[in-house]
Amino acid sequence: MHRSVPFKLNIAIVLLILSLASSSTLGQPRPGQGTPKYIFLFLSDGAGMAHLEIARQYNRQIHNEDFVIIDKIVKEGALGVMTTHAADSLSTDSAAAATAMANGCKANIGALGMCADGTIPTSAMELARRRGMKLGIITNSMVYDSSPAAFLCHVPNRRDYPAILNRYLELDPTVLLGGGKDQFLPKSRPGGRRADDADMIAVFEKHGYLTVSNKPELEKTSRTKVLGLFSERDMSFEIDRDKTTEPSVADMTRAAIRLLQGQSPSGFFAFIESENTDTASHLSDIASVIHDYREFDRAVGLAYEFYRKYPRETLILVISDHETGGLGFTQALKDLSSTRNDNQVAATNADFKKIQSIGISLRKATEILGRNPTPEAIDKLMHDHFPGFTLAPEYKEAILKRRPLSRTLFTDPVAHALGAMVANNVQAYWQTSTHTNKPVLVAALGVNAERFKGYYDNAEFGQKLKALFESKNHRP
Ligand SMILES: [Zn+2]
């Protein structure tokens, strides 16, 4: 009987047995089912669809490169669109948005892990921790900032940083990487901004953490638990970063994958955030948005490589919490002399080249100008850092008087005037210096990615995220 089976059929049977052995029969779910063993949640704060599209086109036009989020994650996975309003405001803040996405309930502005109806929910990351999954928190903001904190903490006041750090200690993340050293230092130490004299670095070390404070140290370490604090507050914008000493979001992601993977029989949940896309948008800084979004996309690329190795066990989610700035390429008048066609200009691909020529963030440019900018200092700044750009008189005036340009551009008048100058040269304008209600993108790839398809609210996203842990199919 056996001999009569044709050779080709034999091979087919062997392949069938092998494929069954490597899937559900050994307790491993088929792709798209069960609780993922490895979860990557990437959050680009403040980045709307126009931010994404501008960074994607920049990659294509300037570097002839793919954008991983679109060309890999969305292309091979699923696409969702998410609304972002808070319970008490149409334009949210990061705390209310992250609370909704982490916990599955609507939240009020400023709420950190607390539902608008007064209940204290359990977050998706807390559910992961109960499952024995390792946690990773990676951000270029302060590690205690609202977005990461809302995924792990429930405190009435988003600025209760000591409570947030204490909660982190309880949850015992394997890697905690970012800025915000100021809340770890006793108030008597230089740079310390705590109200008390607690030395939180010593406390974390007592709990088994190794502390690292620069890129080479991070790359070397293979310790079980790592606390990386790379700046007193926010980390640098990508455009300003010292690439030998300070790690980027992608550098931190690479280290986190290495540290989490080495010790995770129960898997891990890594929260990875770029806050810089939001901060740059608050400053009307398109060049910084693009450079930081590109670095964020590189971080997503590292998770994509990981997914290619473990496609049946990995879920990658790429989200944003809200849009900041109302950014978009458009048409504009060259100056205010007339509305005639010959005084109009439209954005073109050549504008990407002009953006590429900018070598510093607007935060740094504002620092260079100092507290009392002079006309000479402004001219020197333009000459040194914005060659080929023109500064319209109304923007120069706004810088000299440190005066808001409009009712919607007010958080840093000098940066907004410089941002308006850049906008006026490259035709990518900012509508506001704060958050808008523009929906944001959800890109999902891997186990249960299909569940994140569609058009839904951020609280519904949180419910989908938590539902991942309701599966009985979890391993081990
Ligand atoms: Zn913001």
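Whatever order the structure lists ligands and atoms in, that order sets their numbers, starting from 1.
- Classification of the Tyr293-Phe296 ring pair by plane angle, with boundaries at 30° and 60°, yields perpendicular.
- Arg56 and Glu53 are joined by a salt bridge, as a carboxylate oxygen and a charged side-chain nitrogen come within less than 4.0 angstrom of each other.
- Evaluation of the side chain to side chain donor-acceptor pair (under 3.5 Å) rule for Lys396 yields Asp379 as partners, not counting sequence neighbours.
- Legend: salt bridge (Lys or Arg N to Asp or Glu O under 4.0 Å) pairs involving residues 82-97, not counting sequence neighbours, sorted by first then second residue: Asp93-Arg158.
- Note on Asp278: counted as a metal contact of the Zn ion (ligand 1), an N/O/S atom lying under 2.8 Å.
- Backbone or side-chain N, O or S atoms of His322 do not reach the Zn ion (ligand 1) at under 2.8 Å.
- The atom name of the N/O/S atom in His282 closest to the Zn ion (ligand 1) is NE2.
- The nearest N/O/S atom of His435 to the Zn ion (ligand 1) is NE2.
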